2 protein chains.
Amino acid sequence: MADPRLTFTLHHLVAVLDRHADAILRRELGMTYSQFLFLVTLEGAEGVDGTTLARHLDVSRAAVSKRLPWFVERALVEVRDDPRHGRRTRLFLTDAGRTLARTAADTLEDALQAPARSDLDVDLDALHRDLDALLTWLRAGLDAGAHDAPGADAPDDA
Amino acid sequence: MADPRLTFTLHHLVAVLDRHADAILRRELGMTYSQFLFLVTLEGAEGVDGTTLARHLDVSRAAVSKRLPWFVERALVEVRDDPRHGRRTRLFLTDAGRTLARTAADTLEDALQAPARSDLDVDLDALHRDLDALLTWLRAGLDAGAHDAPGADAPDDA
DNA sequence: CCCAGAATGTCAACTAGTTGACATGCTGCG
DNA sequence: CGCAGCATGTCAACTAGTTGACATTCTGGG
């Protein structure tokens with residue numbers, strides 16, 4: 001990374017994508033990109049507790065704890081007590097939450113990915129495979145070389 | 001993006017890269033990844049004013065304004081008045097700042113990119129080309145389709 | 001020349017995350 | 001059983017950004 005351009009391109013790309021997705025969702029659905037991420041992530045892991053959702057979102061437990069009331073007030077997410085564990089809660093999408101997550105996903109699909117697949121001369125699937133390989137390699141390297149570097153752990157989903 | 005996995009992989013990859021780079025720099029040089037970004041970005045644009053540096057960093061003017069004293073106190077960055085413009089300042093790396101930026105870049109190179117090039121079965125240059133193409137396409141699409149979506153502007157460097 | 005308007009750096013108030021501490025509940029070893 | 005230890009959710013304090021407002025400085029068209 002003495003030549004850090006690949007990393008820079010990645011950062012830039014993510015920033016532009018996020019901004020664009022955020023603008024679309026705000027305009028079309030009055031929601032934020034990170035609200036979308038929250039809902040979609042939960043959709044893919046329904047019934048998990050807060051700790052697990054935090055791990056899926058790559059965010060702290062406290063962050064999830066602070067954001068939850070917003071979704072509950074709007075009846076997008078339901079928090080149920082775990083009957084087997086007084087401390088733990090289980091999180092579910094309501095029907096409205098699921099519908100919103102899917103509508104948002106479709107909106108982004110139509111606005112971004114579909115156009116990209118049709119007019120861009122890049123094989124997105126191959127690209128995705130390479131990025132995945134890179135990610136996997138990185139994680140392996142981290143676990144191996146990092147005696148003192150903590151970072152995220154618990155290979156539970158990815 | 002009804003199938004948002006490419007975006008997710010990108011986010012994940014960037015997060016892992018940043019965490020790893022941050023850990024390395026903290027351990028080896030007692031500095032933060034975002035401090036490194038600040039220095040490297042300035043190295044590539046020496047003499048710019050705060051507004052321009054903010055644009056290069058993809059961050060607000062206020063953010064640069066708040067961070068500058070930290071670098072100046074440590075004699076890594078020098079702020080000179082622009083003789084032609086009483087309000088504007090021009091920003092330069094000191095020798096120490098330049099040295100630190102380069103050491104940090106080399107450290108990351110050794111720890112990440114070099115190993116990746118040697119044991120990873122991914123063509124990083126091709127990957128970079130594809131990401132660049134995607135980024136370029138995205139930006140073009142934004143400028144074209146976004147009547148109301150503001151976003152960043154001023155095609156000045158990238 | 002002059003003044004409307006834009007650009008610059010900074011400030012205050014806010015936002016969404018972090019870490020570390022805590023009370024509480026569960027688990028398993030003796 | 002009992003209790004040491006871990007996991008869970010939440011809180012307070014902090015961090016690094018944001019936006020919007022501001023004073024100040026420059027610029028350009030009458």
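This structure is a prediction, so every number in the text was calculated from the model and none was measured. Below, read A as the first sequence line, B as the second, and so on, with proteins coming before strands; counting in each chain starts at 1.
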**Asked** Would you say the side-chain atoms of A/Glu43 pair up with the backbone N or O of A/Leu93, donor to acceptor, closer than 3.5 Å?
**Response**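 Checked: no pair found.
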**Asked** Ignoring hydrogens and geometry, is there a side-chain-to-backbone donor-acceptor pair from A/Arg55 to A/Thr51 under 3.5 Å?
**Response**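 Not a single qualifying donor-acceptor pair exists.
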**Prompt:** Does B/Ser65 place a side-chain N or O at less than 4.0 Å from the phosphate oxygens OP1/OP2 of C/dG9?
**Reply:**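 So the side-chain polar atoms of B/Ser65 never come under 4.0 Å of the phosphate oxygens OP1 or OP2 of C/dG9.
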**Asked** Are A/Thr89 and D/dG9 close enough that a side-chain N or O sits under 4.0 Å from OP1 or OP2?
**Response**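 Yes.
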Distances under 3.5 Å between nitrogen or oxygen atoms of protein and nucleotides 17-22 of chain C:
residue, atom, partner, partner atom, Å
C/dG17, N7, A/Lys66, NZ, 3.1
C/dG17, O6, A/Lys66, NZ, 3.0
C/dT18, OP1, A/Ser60, N, 3.2
C/dT18, OP2, A/Ser60, N, 2.8
C/dT18, OP2, A/Ser60, OG, 2.4
C/dT18, O4, A/Lys66, NZ, 3.0

**Message:** By nearest heavy atom, map B/Gly50 and A/Arg84 onto DNA chain C; which one lands nearer the 5' end?
**Reply:**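 The residue whose closest nucleotide sits nearer the 5' end is B/Gly50.
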**Prompt:** Roughly how far apart are A/His12 NE2 and B/Leu134 CG, rounded to 0.5 Å?
**Reply:**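 Between A/His12 NE2 and B/Leu134 CG, I get 13.0 Å after rounding to 0.5 Å.
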What integer distance in Å separates [X]:[atom1] from [N]:[atom2]?
X       : N      : atom1 : atom2 : value
B/Leu53 : C/dG9  : CG    : C1'   : 13 Å
A/Asp82 : D/dT8  : CG    : C1'   : 11 Å
B/Arg87 : D/dT24 : CZ    : C1'   : 4 Å
B/Asp81 : D/dT25 : CG    : P     : 11 Å
B/Arg90 : C/dG9  : CZ    : C1'   : 16 Å
B/Arg80 : C/dG9  : CZ    : C1'   : 19 Å

**Item:** Partners passing side chain to side chain donor-acceptor pair (under 3.5 Å) against A/Asp49 (at least two apart in sequence or in another chain)
**Value:**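 With neighbours one apart ignored, the set is A/Thr52.
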